[in-house]
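Notes to accompany the following structure.
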Amino acid sequence: MDIESKKFLGQPKNFVSIFNALLFDGQSVLKPEYLKDENSELVMNVSSKHVDIIKRYEDGTYLDLFVIESQSYVDPSMVARVMEYESVARMRYIRQNFKKHLPMHTRLPMILTVVLYVGESKWNAAKRLSELEIIHPGFEDMFNEFKLNLIELNTNHKYNTGEKATQDFFDLLRMIYRKQILKEDLDREFNRDALYFAYVVTKNKELLSIYQKSEKGDVKVCRALDEMFEESTNKGIQMGIKQGIEQGIEQGIEQGIERGVKNTQIKIAIKMLVRNNQTLEEISEIVGLDLNALRELKKSI
């Protein structure tokens, strides 16, 4: 997914829209024309080990994007990994720009990191350092909190990116994960690149089929997805009915066997009671019926 991720999200207008979605509710505060492709040693060394995409803004700010794909198990140490990345990046910046020591009153460029989680399973890792570390009573005021700038696309929250391509990608993932198409979206046209990247992330074959059948330009997707969801739901219902019938048959057989065993025990007990040459305790031990049942049975003979 790394190559396709950088190809789609690395486009300047798509890249800044992720940050605008999280920080400014889709308003174009960060603008793509002010982005610079950063090829410094710092970026080359740090990005290869820690982060997916790094770009530098005109004011010197480093904008960093982690893209976390679908996993059944989210790395619990993600908040610590992001902290480590930012610390490494700051120290590398200092070493590369100041030979001996950092001059007094020097201000470093801001490092702004966003984690984009595109997985279907719930994010079950810490979002804050305080959720990862033990904070003993009395030390709360001394603890330095750190939180992830996290975007989760499998929740009910609808992000506004302010950019069609990323908005289409976000919405497609929400539709697929929730298996729900809104009526007003049935004839909506989606960006073709967003469609393909959604396929790369979800491995949804219907998306790939739609992509391959379409040509350049925007693509209608929702009616095909709606039919797929309905078919999937019907299959689920039929499977549930089948399992219910099978379980019912199996339960009936088990109950029949139990009744058959019980009837056999009673017949043997009656014969032994009629002979009257064994105690109730002995009969109970042989046939497996309790003493109260045998007493009631003896009364009826």
Side-chain angles (χ1 to χ4, degrees), residues 68-80 117-138 148 150 152-157 173-182 201-209 224-301:
I68 311 301
E69 58 186 306
S70 181
Q71 304 174 60
S72 58
Y73 176 74
V74 179
D75 184 1
S77 66
M78 192 64 203
V79 64
Y117 179 54
V118 298
E120 182 174 7
S121 58
K122 184 180 178 181
W123 179 276
N124 52 15
K127 298 179 182 179
R128 297 174 178 268
L129 186 59
S130 56
E131 297 172 1
L132 186 65
E133 289 190 2
I134 298 172
I135 306 172
H136 297 288
L148 291 179
L150 177 66
E152 300 174 80
L153 298 184
N154 59 356
T155 67
N156 290 328
H157 182 77
L173 257 62
R174 289 179 73 251
M175 290 175 185
I176 290 169
Y177 292 157
R178 297 173 67 188
K179 294 180 173 57
Q180 183 181 14
I181 305 292
L182 298 178
V201 170
T202 63
K203 302 297 186 291
N204 185 289
K205 293 182 180 179
E206 187 66 33
L207 291 182
L208 179 60
S209 175
L225 287 180
D226 194 43
E227 290 176 6
M228 181 189 72
F229 295 154
E230 186 175 355
E231 183 181 349
S232 176
T233 300
N234 290 336
K235 284 183 179 178
I237 292 172
Q238 293 301 321
M239 186 176 294
I241 293 172
K242 183 180 179 182
Q243 289 176 348
I245 292 172
E246 290 174 351
Q247 289 173 0
I249 293 172
E250 184 177 346
Q251 187 175 357
I253 292 171
E254 289 177 356
Q255 289 176 351
I257 292 172
E258 288 177 5
R259 288 172 184 167
V261 170
K262 192 79 172 178
N263 290 337
T264 302
Q265 289 172 319
I266 291 171
K267 288 179 181 178
I268 295 172
I270 291 172
K271 289 181 180 178
M272 297 178 75
L273 287 169
V274 170
R275 290 174 187 165
N276 199 26
N277 58 1
Q278 289 174 300
T279 65
L280 291 179
E281 287 77 8
E282 290 172 337
I283 295 172
S284 175
E285 187 175 346
I286 292 170
V287 301
L289 294 175
D290 61 56
L291 289 173
N292 289 332
L294 287 173
R295 291 190 187 101
E296 292 298 321
L297 194 60
K298 187 174 182 180
K299 291 178 184 179
S300 65
I301 295 176

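Counting all heavy atoms, side chain and backbone alike, Leu280 lies closest to Arg295 at CD1-CG, 3.8 Å. Scanning all heavy atoms of the two residues, the minimum distance from Leu150 to Lys127 falls at CD2-CE, 3.8 Å. The heavy-atom pair separating Pro76 from Ala125 by the smallest distance is CA-CB, 3.7 Å. Between Leu291 and Ser284, the shortest heavy-atom contact is CD2-CB, 4.0 Å. Between Glu206 and Asn204, the shortest heavy-atom contact is N-OD1, 3.0 Å.
Using a 4.5 Å heavy-atom cutoff, the side chains of Leu148 and Trp123 are in contact. Side-chain atoms of Ile181 and Met175, non-hydrogen and from C-beta on, do get closer than 4.5 Å to each other. Using a 4.5 Å heavy-atom cutoff, the side chains of Asn156 and Arg178 are in contact. Between Ile176 and Leu207 there is a side-chain heavy-atom pair separated by less than 4.5 Å.
In this structure, the side chain of Thr279 engages the main chain of Glu282 through a donor-acceptor pair within 3.5 Å. Between the side chain of Tyr177 and the backbone N or O of Val118 there is at least one donor-acceptor pair closer than 3.5 Å.
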